[in-house]
Amino acid sequence: MSEIFDCSDADQRSEGLTAARTAIENGECIVLPTDTVYGIGADAFSPVAVQTLLSAKGRGREMPPPVLIPGRDTVPGLAMDVPSYAGRLMDAFWPGGLTLIFRSQPSLAWDLGDTNGTVGLRVPDDEIARELLSLTGPLAVSSANKTGRPAATTITEAGFALGGFVEVFLDGGTRSDTQPSTILDCTKADPVVLREGAVSLDALREVLGPVELITGLGVSVDPGDPEPMGETFAVAPGDEEPHPDQTPPHLPDDETVFDSADAPPAPESIGEHWDVENTSVTDEAATDRPEVNP
């Protein structure tokens, strides 16, 4: 039977975090608060747990979840060929509403779905979420709702949506910020905006300096359904599967890729399949609040 822990109480918060870690270690799903809405989380390195998360959402492998991490120190173990401009973005906007897409480390024993060799990473600006992540390590996290339905801003809404799939619920109170994270594809010499969100383009340009910020390539978000890839991976509009002709660009063997100021142009982005979930919500009740992933 699922357990609910009120994280406003110090003792319950401690018990809840311990129970959530145990559930994650056992390959089960949990619900946790984030700085946007409630999310359903699973061990990113457990294919069974990730599949349970996708099943709970009613989603296929073509829409894999992003990964929440406790801090930027985790990035080198999960991503490769990280551009130097990405480090400046992490310093400026993490923890917070910025998801960065990188090429994933090929040696990792995980299966998030049809990722095309990329991974979306974010550090949430929520104390409960980060404390849990420090105990569990990276978690695959998506909004705690059925795909195409409004995001859960309370633990009760999350329970009604996903109760049968979740072992532990961490109640962090009402979540009020449903603005999605900004998503940047960092698999090229210049960052590509796949979705505008919590971090403005002006703020990004101020940090990037001479590095060009490429815009206009993302798909506009339907106000009734702005679930990102939202942190989810997604296919391009009209495509049922990720682009099979996209192959990883040839990049240096070392870990850091230099900015466009001193790097040659890179091939077509391998991360451009990350975008919004293109699900139409026709129920009038469902359009009152958009679906937004953590």
Side-chain angles (χ1 to χ4, degrees), residues 27 29 39-69 74-83 86 98-124 133 137-143 147 180-188 191-195 217-219 227-251 255 257 266-279 293-294:
C29 290
I40 177 173
D43 182 358
F45 295 96
S46 169
V48 174
V50 172
Q51 183 55 55
T52 299
L53 183 156
L54 295 176
S55 297
K57 296 272 299 179
R59 172 177 295 170
R61 288 175 53 82
E62 73 280 1
M63 296 286 289
V67 175
L68 296 188
I69 56 177
T74 308
V75 173
L78 303 180
M80 61 185 291
D81 302 321
V82 176
L98 181 64
T99 298
L100 300 177
I101 302 170
F102 303 111
R103 294 179 64 191
S104 61
Q105 289 285 2
S107 60
L108 290 176
W110 64 4
D111 182 7
L112 296 171
D114 299 332
T115 64
N116 199 27
T118 63
V119 62
L121 301 177
R122 186 168 85 86
V123 179
L133 290 164
L139 293 179
V141 178
S142 186
S143 54
T147 294
S181 67
T182 298
I183 302 169
L184 292 186
D185 178 359
C186 298
T187 63
K188 300 185 68 174
V192 179
V193 178
L194 294 185
R195 184 187 66 200
L217 299 184
V219 178
E227 172 168 305
M229 130 197 123
E231 316 264 305
T232 60
F233 297 74
V235 295
D239 288 343
E240 295 302 324
E241 299 292 339
H243 305 295
D245 58 342
Q246 288 180 331
T247 56
H250 177 71
L251 295 170
E255 186 173 278
V257 177
E268 182 180 11
S269 168
I270 63 171
E272 68 175 22
H273 65 294
W274 282 65
D275 215 287
V276 299
E277 177 183 339
N278 297 295
T279 303
N293 266 325

Discussion item. For I183 and I101: C-alpha separation, side-chain torsions, deciding distance, then whether side chain to side chain contact (heavy atoms under 4.5 Å, CB included) applies.
Written reply: CA-CA 8 Å; I183 302 169; I101 302 170; 3.6 Å; yes
Worksheet item: Applying the side-chain contact (heavy atoms from CB on, under 4.5 Å) test to P64, which of V119, L112, L53 qualifies?
Response: L112
Can you name the closest pair of heavy atoms from [X] and [Y] and give their distance?
X: G41; Y: V141; value: CA-CG2, 4.0 Å
X: M80; Y: S104; value: SD-O, 3.5 Å
X: G27; Y: A49; value: O-CB, 3.5 Å
X: F102; Y: T187; value: C-CG2, 4.0 Å
X: R103; Y: D81; value: NH1-OD2, 2.9 Å

State, with a plain yes or no, whether a side-chain heavy atom of [X] is found less than 4.5 Å away from one of [Y].
X: L121; Y: T99; result: no
X: L133; Y: L68; result: yes
X: L184; Y: L194; result: no

Has [X] got a side-chain atom pairing as donor or acceptor with [Y]'s backbone, closer than 3.5 angstrom?
X: Q105; Y: P76; answer: yes
X: R195; Y: S181; answer: yes
X: K57; Y: S143; answer: yes
X: D111; Y: G113; answer: yes

Discussion item. To the closest 0.5 Å, what do you measure between CZ (R122) and OG1 (T182)?
Written reply: 10.0 Å
Response to the item:
T74 meets the side chain to side chain contact (heavy atoms under 4.5 Å, CB included) criterion, sequence neighbours left out, with I69, P70, L78, P138
Worksheet entry | ring-ring contact (aromatic ring centres under 6.0 Å, His included) partners of residues 39-60, not counting sequence neighbours, each pair once | F45-W110
Discussion item. Applying side chain to side chain donor-acceptor pair (under 3.5 Å) as the test, list every pair that has at least one member in residues 43-52; sequence neighbours left out.
Written reply: Q51-S55
